[in-house]
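The block underneath contains the structure these notes are about, expressed in structure tokens.
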Number of protein chains: 2
Amino acid sequence: MAVAARRERERTARREAILDAAQELIASEGYYGVRMDAVADAAELSKGTLYLYFENKDALCAAVATRLIDEFIPRIEGAINEAQSGLDGVRALLQAYYDQTVENPHHFRFALAWLSAGERMDDSTEAFQTYRGRVGNMLSLVVATLQRGQADGSIRVDVDALPQAMQLWTSFLGIVLVGLNREAMEQRIPVPVDLTQLVPLHLDAMRRALSSEGTA
Amino acid sequence: MAVAARRERERTARREAILDAAQELIASEGYYGVRMDAVADAAELSKGTLYLYFENKDALCAAVATRLIDEFIPRIEGAINEAQSGLDGVRALLQAYYDQTVENPHHFRFALAWLSAGERMDDSTEAFQTYRGRVGNMLSLVVATLQRGQADGSIRVDVDALPQAMQLWTSFLGIVLVGLNREAMEQRIPVPVDLTQLVPLHLDAMRRALSSEGTA
DNA sequence: GCCGCAACTGACCGCCAGTCAGTCACTGAC
DNA sequence: GTCAGTGACTGACTGGCGGTCAGTTGCGGC
């Protein structure tokens with residue numbers, strides 16, 4: 001059936017077109033500002049059609065976030081591979097993740113909405129499963145980099161790589177969150193502080209915490 | 001005018017009653033699940049009346065969050081004061097904040113919504129100003145504890161206390177965020193990990209990063 | 001007894017995610 | 001050639017919720 005094959009191609013093309021439209025709108029309006037009507041308009045479709053391709057708004061957003069992660073995981077891998085040691089690799093990983101996220105913060109905003117929404121976000125859809133897989137890939141990168149550092153002697157070996165990776169990643173979550181809204185934050189928080197130092201300070205702290213130097 | 005004084009008392013009492021109702025509903029439904037109609041019902045008022053006491057939902061939530069912070073800042077201060085050194089004080093502060101937040105996570109969820117909502121949350125209201133003041137108080141506690149540690153020699157002196165406090169606090173944000181949803185997270189994240197270690201691991205990392213030992 | 005004023009009410013509005021009965025265009029069978 | 005079947009698509013509609021405002025109520029002062 002050549003027809004079925006063409007239908008399938010057209011279907012994925014349309015899906016991509018919807019994602020293009022959604023991604024652009026998210027870039028200009030932010031996750032919270034996007035309306036499904038606007039996505040439909042931009043994709044030159046009616047709103048009902050969107051729901052033939054994505055189960056709901058969250059699933060659509062998850063698909064966009066997956067795309068974004070796919071774009072920048074290779075760049076982060078590149079940065080890690082250039083590092084001289086595992087410990088330097090950790091620094092490179094975090095810095096690359098931060099730089100990428102500042103450049104395009106939308107995948108991060110989505111992850112945050114997911115984490116903080118608790119039960120209110122429907123994460124049972126297929127698009128979400130795919131997204132979760134990507135999050136797993138990111139974490140695997142962190143674990144692998146820690147293990148590399150333990151193997152080459154730059155990172156202390158008296159902790160398990162997996163929980164330590166979670167600590168590393170999770171603490172960085174907060175740093176990125178505040179770093180992203182640096183300017184707004186400096187006004188919002190009723191304390192005069194220069195947040196440009198936040199990332200370097202945190203990287204230093206993590207280096208100290210992870211370095212094999214100082215371990216008996 | 002005794003009448004005016006009584007009116008004033010009644011007005012603040014009513015405001016407190018609304019806050020009571022809102023706080024209870026938030027505790028059972030979560031910040032995202034609370035509806036203004038439900039608050040009005042619980043307070044035995046009509047919805048319109050709520051808006052005579054609070055400019056909008058965000059302002060009401062900010063007022064509830066302020067209450068919650070007011071309840072537990074003293075307990076955190078107590079924990080800090082019992083610590084032997086500034087470095088121990090940092091540990092005590094974070095641990096106390098974490099324990100309090102696990103017990104009643106709603107102030108944290110609100111802070112998170114504020115931080116991640118960006119421009120979409122109206123933080124110009126008076127209730128919000130008050131709330132911001134409380135956030136400032138929390139941060140001041142962190143700064144003071146760091147300075148105490150620098151004075152007593154337990155914390156390294158080669159960094160400024162204020163930016164370091166921001167690093168400390170901000171990185172803890174992520175830890176608390178994930179720690180709060182520990183069980184859900186362990187299922188959600190596609191990596192088998194025991195998140196109960198997260199907080200102790202982070203406290204150890206911070207101790208290493210801040211300790212004066214190891215500094216030239 | 002009546003006026004003024006503040007508190008309060010609840011029907012109503014606008015916004016937006018999500019739905020579904022109906023239309024349209026194409027395809028393959030005869 | 002035509003006609004029934006099928007999948008893609010449509011857009012008016014629904015429901016939920018934050019927020020509004022014209023109208024009501026009742027207390028205090030005169």
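Computed from a predicted structure; not experimentally measured.
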Open item on the list: Looking at A/Asp204 and A/Arg91, is any side-chain nitrogen of the basic one under 4.0 Å from a carboxylate oxygen of the acidic one?
Closed with: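 Salt bridge flag = yes for A/Asp204 with A/Arg91.
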| said: We want to know whether A/Gln100 and A/Glu103 form a side-chain donor-acceptor pair, criterion being a heavy-atom distance below 3.5 angstrom. | reply: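 The criterion, which ignores hydrogens and geometry beyond distance, is not satisfied for A/Glu103 and A/Gln100.
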Exercise. Does a donor on one side chain and an acceptor on the other come within less than 3.5 Å for A/Gln129 and A/Glu126?
Worked result: no
Exercise. Assign the ring pair B/Phe172 / B/His202 to parallel, tilted or perpendicular, where the plane angle (0 to 90°) is split at 30° and 60°.
Key: parallel
Rounded to the Å, how far apart are [X] [atom1] and [N] [atom2]?
X       : N      : atom1 : atom2 : result
B/Glu44 : C/dG10 : CD    : C1'   : 17 Å
A/Glu55 : C/dA17 : CD    : P     : 17 Å
B/Leu45 : D/dT25 : CG    : C1'   : 15 Å
B/Leu60 : D/dG19 : CG    : P     : 10 Å
A/Arg15 : D/dG7  : CZ    : C1'   : 18 Å

If you count the non-hydrogen atoms of other residues, nucleotides and ligands that lie under 6.0 Å from CD in B/Glu24, is the total more than 12? no
Original post:
Around B/Gln197, counting heavy atoms of other residues, nucleotides and ligands shown, do more than 12 lie under 6.0 Å from its CD?
Top reply: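 Above 12, so yes.
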Any protein N or O atoms within reach of nucleotides 16-18 of chain D? Criterion: under 3.5 Å, listing atom names and distances.
residue: D/dC17; atom: OP1; partner: B/Arg35; partner atom: NE; Å: 3.4
residue: D/dG18; atom: OP1; partner: B/Val34; partner atom: O; Å: 3.3
residue: D/dG18; atom: OP1; partner: B/Lys57; partner atom: NZ; Å: 2.8
residue: D/dG18; atom: OP2; partner: B/Met36; partner atom: N; Å: 2.9
residue: D/dG18; atom: N7; partner: B/Lys47; partner atom: NZ; Å: 3.1

side-chain N/O [X] vs [N] OP1/OP2, d < 4.0 Å:
X       : N      : answer
B/Tyr53 : C/dC8  : yes
A/Ser46 : D/dT10 : yes
A/Thr49 : D/dC9  : no
A/Arg14 : D/dC9  : yes

Practice prompt. May I ask you to establish whether B/Arg11 and B/Tyr53 are in a cation-pi arrangement, using a distance under 6.0 Å from NZ or CZ to the six-membered ring centre and at most 45° from the ring axis?
Written response: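 Satisfied, under 6.0 Å and within 45°.
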Between B/Tyr131 and B/His107, ring centroids under 6.0 Å: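 Ring centres of B/His107 and B/Tyr131 not closer than 6.0 Å.
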| said: For the aromatic rings, using the six-membered ring if either is Trp, is the centroid distance between B/Phe54 and B/Phe128 under 6.0 Å? | reply: no
With five pairs defining each end axis, the helix from C/dG1-D/dC30 to C/dC30-D/dG1 comes out bent, to 10°, by 30°
Quick one: which of C/dA7, C/dT9, D/dT10 gets closest to the side chain of A/Leu52?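 Taking heavy atoms from C-beta onward, the closest nucleotide is D/dT10.
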